2 protein chains.
Amino acid sequence: MEQHSNILKYKRLGIYTQNENVVYMHEDCHVCVSEGFEALTRIRISNATTSIVASLNVLNSDILLPNEIGLSDAAAKKLNVSQNDTLYVSHLEPIESLSHVRAKIYNQKLDCKAYNEIITDIVEGDYSNIHLSAFITACAGDRMDIDEISDLTKAMIASGKQLNWKKEIVVDKHCIGGLPGNRTTPLVVAIVAAYGLTMPKTSSRAITSPAGTADTMEVLTNVTLSSEEIKAVVEKEGGCIVWGGTAQLSPADDILIKIEKALDIDSEGQLIASVLSKKAAAGSTHVVIDIPVGETAKVRSMEMAQKLKNHMETVGNAVGLNVKVIITDGSQPVGRGIGPTLEAIDILKVLKNETDAPNDLEKRALLLAGELIELSGKVGKGKGTKTAKGVLKSGQAYKKFLAICNAQGRFSKPVLAPYKIEIKAEKSGVLKRIDNRKIAKLAKLSGAPQSKSAGILLNAHLGESIKENQLLYTIYAESKGELNYALDYKNNHNDIITII
Amino acid sequence: MEQHSNILKYKRLGIYTQNENVVYMHEDCHVCVSEGFEALTRIRISNATTSIVASLNVLNSDILLPNEIGLSDAAAKKLNVSQNDTLYVSHLEPIESLSHVRAKIYNQKLDCKAYNEIITDIVEGDYSNIHLSAFITACAGDRMDIDEISDLTKAMIASGKQLNWKKEIVVDKHCIGGLPGNRTTPLVVAIVAAYGLTMPKTSSRAITSPAGTADTMEVLTNVTLSSEEIKAVVEKEGGCIVWGGTAQLSPADDILIKIEKALDIDSEGQLIASVLSKKAAAGSTHVVIDIPVGETAKVRSMEMAQKLKNHMETVGNAVGLNVKVIITDGSQPVGRGIGPTLEAIDILKVLKNETDAPNDLEKRALLLAGELIELSGKVGKGKGTKTAKGVLKSGQAYKKFLAICNAQGRFSKPVLAPYKIEIKAEKSGVLKRIDNRKIAKLAKLSGAPQSKSAGILLNAHLGESIKENQLLYTIYAESKGELNYALDYKNNHNDIITII
């Protein structure tokens, strides 16, 4: 055989493509030429210890020499390469699990083994975005039955780390997104931890919303903790409220969710597998899930919510979780603040039992905490909310919250943004409708969540009688530019809040 | 509003990503920072005259300065930019047609308008590979009914150029791939053009096979002709056999087919729309489609072939084409040669009525030419093949073929490759099976189609009695290395040809 020495020298290009492994080679590279590689060919790249699969982008500029090879950041990280390292490239053996994806595309039911193989290869990084998108699409539109959703969930749990808290009962909650300001998590953790349950809560940062629980908590305390630090906080206080980004729980979910976001779909099967795999991997045993229903919430009809509830509970059972799903009103934002700092202010008002604390936020938190307390079996049916209320009103929840914050490293008071503008009613009438999506967009344009104190402070709720010139909401921003940016949007959309 | 001047300076990076529009910006770029762009965000990039949509890759190296912007080759070509040109970037307005894709994912039937909008946006380059993959997957697995396939086909026809030959009857043929050596097209064109029909044939180069018709014809004549040159050839000779790559017929198909290849699926709906949209856009009126059926062919069962035939004919009718589908034996390669030069030799032997011309190739060509002649209505049912045979045996077809080659610029005689090795039977018996896919792979490893004279010359066919040491096939190559590369594969696969 002639010399087909498929060896190239690594050059750092520093190209960030999210998860996708991309390899860059020069069009005159001897390997491309001899192997017949072309753009988008999937190829295997190895060093002495490991190997990855990547999609080829072909270069015809001096960014790379013909004997050099570049990698996207994700690929470089997986291979752990340094400048000038030697890399070997080779043809890709077929990815066997793609035959399962094709079977699913052709409407076949997949078994547990098939889902395991698919998820294993996805976590390995063997799937391109094209393959991931096909897998997600083939599983959407009710094409997975309940057994398949359970098998997918189990495969996703097994794909990453699994925490073990060495407690009989570990509680958690989840809300199927869509309601601005619905920041019940810190309240629920404070209440149930004060009550004596273990609730090691990992939360996300905002992806498309003006604030995630981690963003809001970061106003008040540190949220980026190591596994060891988290463990210490939970052992000391029975609960924590930290960012879950570093935990490597259900890593398949992190990959799939980005593709779902790009497609703007959230199919039932993937949603259930996503939520429950994260909970199970985090070591939870008892989970309450809140599905807010409303025309501008994520779940828009009671029928969809009911179906989701049934499937969530069935799959939860199949993967060994005690799951209780509650369906709540999702017709308007919760609390007054939308944005990290403004939501943190709401939370503190509730915990401190202040007279102007947002009642709706408190009620929701008590409902969820109560359900968790009931689910744990510590009190009888119907007594959970009352128990939770006792813990809150006694000040124990606030005390516990401060203790958790301090255990996480600090407690800081929220500070309002320097720029604001008050939006007033242009006519008298009844507040008929608040568009959750548009009010969230407004908060984002004002700078949330990057600018922590930016956002919206709502002054009116559905059904209220409104007088002309009455304050409806205040836009907060950290710069005059962002304030105007939000104001522009407000002036171009007269259906953010509807008064008739 | 603060200065959000979203202006960047173009720097050529020369990154080839096939069709996908990718934009590269530095992580410290003021636009990324102020707009909150992150990796894979889809953004709009404009110059003074036009705009495109691209996926963002974020750079953290000195390939780009913070005020510079790079584009994949596809994107740079669409914007027609030069070094240091000013480009404007902005948030992407929602791509409305993606709501149809989501509807399809959720099993809804789409109408004509929806398919038109989807295909228009795809051709505009507004879809990322993730969106394209979802669209293809959502349409696969029998999820399109016959109306939808017709609507998709019409939308694809309308998406590009449409040729008009100003003839009442313009014939064409297509073979649903999978059979190595099945190079009937040049024969069919020569026969029917000699008979007096118009057959302006555009063919593809090999994508995954050892030779496409364009590769084979390039051994004998020029195949890369401009539209004007093609027109002149057809006007003069009634037919041509050229590469269709520059014609911009059904450009949506060119985009979708690459995603299908990456997924290794070829769903019925997309296949029909792909084939028929190309034919209709090329100005054909009467089309014969050959579906070879065999266990290692593309279509593996008679049932699948029959269903495909019915749907092809119905959709053909709906888009105004007169389509006849024939189902043929796809159990083994056709002719003796596999690879451009070796196939060209087979073709010339048939045209020149030589005694060792491959009989199976001749028979298939006469069948297809005969069906076209019948379809055109020039002869009665059952008389087509006989008519075609008359044209071939009289030497008129050969004369026409030479005339077409000369009109295309040259006629060159094929020359055999310098290196070869003969593969002989290891035992006596009956030739029971030839694996189409493996023999094609062997031809590719020997260098075909890049090395035009590389490939396989078959010396035995199914059902033949074979003696030990009898010549089965010869591997040809243009370098000793490639010959050994193929031989390695042969030595590791004892089921390329099975004798029992």
Side-chain angles (χ1 to χ4, degrees), chain A residues 1-4 12-18 20 22 24 27 34 36 38-40 42 55 57-63 72-73 94 98 101-102 104-107 128-138 140-143 258-259 262-265 267 444 450 479-482 484-485 488, chain B residues 1-4 12-18 20 22 24 27 34 36 38-40 42 55 57-63 72-73 94 98 101-102 104-107 128-138 140-143 258-259 262-265 267 444 450 479-482 484-485 488:
Chain A
M1 201 183 302
E2 281 177 327
Q3 282 309 309
H4 284 294
R12 181 177 178 279
L13 297 178
I15 299 179
Y16 181 62
T17 58
Q18 285 206 359
E20 196 164 39
V22 181
Y24 303 87
E27 63 177 353
S34 67
E38 53 178 23
L40 296 199
R42 299 277 289 166
S55 298
N57 279 192
V58 178
L59 286 175
N60 59 351
S61 68
D62 58 7
I63 293 173
S72 62
D73 286 358
L98 285 175
V101 175
R102 283 188 284 274
K104 192 72 210 155
I105 292 173
Y106 289 106
N107 300 312
S128 72
N129 282 345
I130 292 173
H131 300 137
L132 291 170
S133 178
F135 174 59
I136 284 175
T137 301
D142 283 332
R143 292 189 195 101
K258 281 175 185 151
I259 304 293
L263 291 172
D264 198 11
I265 62 169
S267 72
K444 281 163 66 182
Q450 280 80 13
S479 77
K480 220 163 166 342
E482 285 171 316
N484 286 329
Y485 218 52
D488 271 358
Chain B
M1 204 184 301
E2 280 177 329
Q3 282 308 311
H4 285 293
R12 182 178 177 278
L13 298 178
I15 300 179
Y16 181 62
T17 58
Q18 285 206 1
E20 196 164 41
V22 181
Y24 304 86
E27 62 177 351
S34 68
E38 54 179 21
L40 297 199
R42 301 277 289 165
S55 298
N57 280 191
V58 178
L59 286 174
N60 57 352
S61 68
D62 58 5
I63 293 173
S72 62
D73 287 357
L98 286 176
V101 174
R102 282 188 285 274
K104 192 73 210 154
I105 292 174
Y106 290 106
N107 300 312
S128 72
N129 282 345
I130 292 173
H131 300 137
L132 291 170
S133 178
F135 175 59
I136 283 176
T137 302
D142 283 331
R143 291 189 198 102
K258 282 176 185 152
I259 304 292
L263 292 172
D264 198 11
I265 63 169
S267 73
K444 280 164 66 181
Q450 280 81 13
S479 77
K480 220 163 169 337
E482 284 172 317
N484 286 330
Y485 218 52
D488 272 358

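We name chains A, B, ... by the order of the sequence lines, and we start the count at 1 in each one. Given the structure is predicted, the values throughout are model-derived calculations rather than measurements.
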Which bit of B:Y24 is near chain A, if near means a heavy-atom gap under 4.5 Å: side chain, backbone, both or neither? side chain
Report the option among A:L132, A:D264, A:N129 that has the most heavy-atom pairs separated by less than 4.5 Å from atoms of chain B. A:D264
CG of B:N57 to OH of A:Y16, rounded to nearest 0.5 Å, is 10.5 Å
B:R143 versus chain A, heavy atoms under 4.5 Å apart: side chain, backbone, both or neither? side chain
To check you understand the geometry: which heavy-atom pair defines the closest contact between B:H131 and A:A262, and what is its length? NE2-O, 3.1 Å
Turns out that what part of B:D62 lies under 4.5 Å from chain A's heavy atoms comes down to neither
Give a yes or no answer on whether the side chain of A:N107 reaches the backbone of B:G141 with a donor-acceptor pair at less than 3.5 Å. yes
Quick one: which of B:I130, B:L263, B:I136 gives a side chain to side chain contact (heavy atoms under 4.5 Å, CB included) with A:I130? B:L263
Looking only at heavy atoms, what is the nearest atom pair of A:A134 and B:S133, with distance? N-OG, 3.3 Å
Heavy-atom contact with chain A under 4.5 Å, split by part of B:S267: both
Write down the atom of B:L59, the atom of A:L13, and the distance for their closest heavy-atom approach. CD2-O, 3.9 Å
Pick one of side chain, backbone, both or neither for B:L98, based on which atoms fall under 4.5 Å of a heavy atom in chain A. neither
Decide yes or no on side chain to side chain contact (heavy atoms under 4.5 Å, CB included) for B:I105 and A:I265, but give the supporting numbers first. CA-CA 9 Å; B:I105 292 174; A:I265 62 169; 4.2 Å; yes
Proximity breakdown for B:K104 and chain A, heavy-atom pairs closer than 4.5 Å: backbone
Residues B:D73 and A:N60: closest non-hydrogen pair is OD2-OD1, 3.7 Å
